[in-house]
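As a basis for the values below, the full set of heavy atoms in this structure was taken, side chains included, without hydrogen atoms, waters or symmetry mates. Naming convention: chains lettered A, B, ... in sequence-line order (proteins, then strands); numbering from 1 in each chain.
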2 protein chains.
Amino acid sequence: MLCVSNGKAPTSHDVARLAGVSQSTVSLVFRGAASGRVGERTQRAVLDAARRLGFRPNADARRLRVGGPRMVLIAVPDIVNPFFARVFTGARAAAREAGYQVVLSVQRDLDSVAADVAGQQIDAVLACSLQDGGRPLEEPVPAVVLDAEPPQGQGSVRFDIAPALTELVDLLYRLGHRSIAHLRSEVRTATFRERTEAVDAACAQRGMRRVHAASALDLDGAREAAGALLSSADSGGRPSFTAVVCDDDVLSVGVYKAAQARGLSVPHDLSVTGIDNVDLATAVTPELTTVDLPGEELGATGMRRLIARLEPRGGAPAEAAPDPGRQDGESADGAGGADSGVGVRLPARLVIRGSTAPPADPAPRR
Amino acid sequence: MLCVSNGKAPTSHDVARLAGVSQSTVSLVFRGAASGRVGERTQRAVLDAARRLGFRPNADARRLRVGGPRMVLIAVPDIVNPFFARVFTGARAAAREAGYQVVLSVQRDLDSVAADVAGQQIDAVLACSLQDGGRPLEEPVPAVVLDAEPPQGQGSVRFDIAPALTELVDLLYRLGHRSIAHLRSEVRTATFRERTEAVDAACAQRGMRRVHAASALDLDGAREAAGALLSSADSGGRPSFTAVVCDDDVLSVGVYKAAQARGLSVPHDLSVTGIDNVDLATAVTPELTTVDLPGEELGATGMRRLIARLEPRGGAPAEAAPDPGRQDGESADGAGGADSGVGVRLPARLVIRGSTAPPADPAPRR
DNA sequence: GTGAAAGCGCTAACAT
DNA sequence: ATGTTAGCGCTTTCAC
């Protein structure tokens, strides 16, 4: 390719000059609007010149002119985590369906997300599972948060996890468990606080004993935490509890591992449960009783709500107030335009599998 | 917020008018270049007017003027698959380190990727695991492909998987296995063809018998395929092989499940191996002997090579040929500028865990 | 300290 | 069938 190498990328003007045509002809050819308007020979000449220069139309200039499709940014803390990947997938599908472009931002703190928003032409933000305590996003960008406390009047979609967790504790109770452990996540977000509250409440209501431990959300951390938990024995070298309720499927697998290392069998010696229902849950033996969290649906629902806010009414409101100098006074309240029902909850569903069973007899086994 | 609602987004001009200043002052304020140049009062007035109008600077216009940071697009077929997520993560990290922005494209076919490339201002493409047979990307965008046949002179980074697989088969051989099954992926990409070739060659070399089956890359498909494989029994209701080599960890879990359903114990009755070394591999019992595929490293290496091609030399070549009319003649060869060593291979490593053991005695167990 | 003016590369009327 | 022209919204000298 003919490398101009004067440091700047070739423009349609350069192509026009090389091809011996005007710049607008180049534009016509590259937009595909050339059929019937530009001659065969000319088109070929343009394409040829473009190839030789390595010309690529400047997308920024094009968008500045025509106004590109709307873009929404989806922020998740960790795309390797299958749960977030599913949320992203669901949100992305809903966005595309509505004709929106999607950009992904993998970022833990809100400030970095804000930077990404400023750097690109973002029309709205869908933020998943952000740490508590962040301010909303000082920019006036419509946003909805997923799986987190709604920062202001921002709109949120979360799981309604308490009923399923109550049901889960009740299942354990009916199986005969009277003392359980709760392996919690160290992460301090709203959803995990809610899980703790739900488990605590359900136990209290049934008069069940309950001990705690917290762990990082990975296999190694979970194994370690679970090991410590199981070692806190009191009755003849066996733990004081007969079931472990975990905040996440990964934690449950850690418990499996720790139990196994101690010669405890799941579910015979120890019942275990998780939350999430990822692939792991059916890969392990016995398969894990868990609470299904439909991630795709969370993402899709959030995205639909966000888009609904972006497109105020059914049609385009033909009313125009061409006087831009008018005042409105009140700007303190509802900067984002609070719509009805800020804060939707999606049902979580208990999935019963083989990891829960009646507790073993006091007689030591093995 | 004072909603102008004439259909168009407010511009810096609108803000200027409302604030009673000139447009360039608004620009100064919004770039933060205002300190010492614009008065306190004026700044406040500008910010205020902006807030009331809901003004957000147009990123496209800004980039058109200033020339934004370079962007590279990373294309993967499925972001929920943890392997691709890891590749993306590695590539993204390498890109950011070099000051590049990253956009993700989750797309199976190359044409959709091309559309994404055209829609945004993309300077380069990193494409992972694309289906065979696609043309390179007709646009003159520098690209490198990951885990796939390099389409042209495009540059590629792949795993060198054959040595580890040979080592794996050899391990099985030394443990006493003489007849194995190979559970392959249905997906017909270069990497899976190579896996088959490596396994076949290693078996042939050692005079081991080998049967085949193919499966979709998910748990259900794998369970089914593995079930069929195990049912193809010949000697007293037991399969004719004593080990199953799988193209992917997920397939291995399917074999675990199918074996379990038939009362076969892993590794006692059946040795099983995988490829990938995802979380699943250590979650199952016994832990899976597998071939580790460092996804992050694949992504990072590919991205570094791509960026190296984007930045030709150490410094900026001050030489300028201001005559744009000059010809160069040859454009047929090396359109992308083939650099040394198109086609890097990253080592894959055998990880031995508990799922491989000597085959059981002919005497039926259980 | 603030404003006027010249583009960035492209598109879309409107001429020719 | 092709060329001319006027911007899109912003940044950035250079005057005042």
- [ ] Mind checking B:G67 for me? I need base, sugar-phosphate or nothing, with any heavy atom below 4.0 Å counting as a touch.
- [x] nothing

Open item on the list: Taking the minimum atom-to-atom distance to the side chain of B:S27, which one of D:dT11, C:dG3, C:dT11 wins?
Closed with: D:dT11

- [ ] From the options D:dT2, C:dG3, C:dA12, select the nucleotide whose nearest atom is closest to the side chain of B:V21.
- [x] C:dG3

Open item on the list: Does a side-chain N or O of B:R62 approach OP1 or OP2 of C:dC8 to a distance below 4.0 Å, or not?
Closed with: no

Open item on the list: Using a heavy-atom cut-off of 4.0 Å across all strands, would you classify B:S24 as base, sugar-phosphate, or nothing?
Closed with: base

Task: Nucleotide nearest B:L28 (side chain, heavy atoms from C-beta), chosen from C:dT2, C:dC10, C:dA12 - done: C:dT2

- [ ] Among the candidates D:dT11, D:dC10, C:dT11, find the nucleotide nearest to the side-chain atoms of B:T11.
- [x] D:dC10

Open item on the list: From the set D:dT4, C:dA6, C:dG9, return the single nucleotide nearest to any side-chain atom of B:R65.
Closed with: C:dA6

Task: Given D:dT12, C:dG9, C:dT2, the nucleotide with the shortest approach to the side chain of B:R37 - done: C:dT2

Task: Nearest to side-chain heavy atoms of B:S12, which nucleotide of D:dC10, C:dT2, D:dT2 - done: D:dC10

- [ ] Ignoring hydrogens and angles, state whether a donor on the side chain of A:Q23 or A:S12 is under 3.5 Å from an acceptor on the partner side chain.
- [x] yes

- [ ] Name the nucleic acid region contacted by A:R63, choosing base, sugar-phosphate or nothing; use a 4.0 angstrom heavy-atom cut-off, strictly under.
- [x] nothing

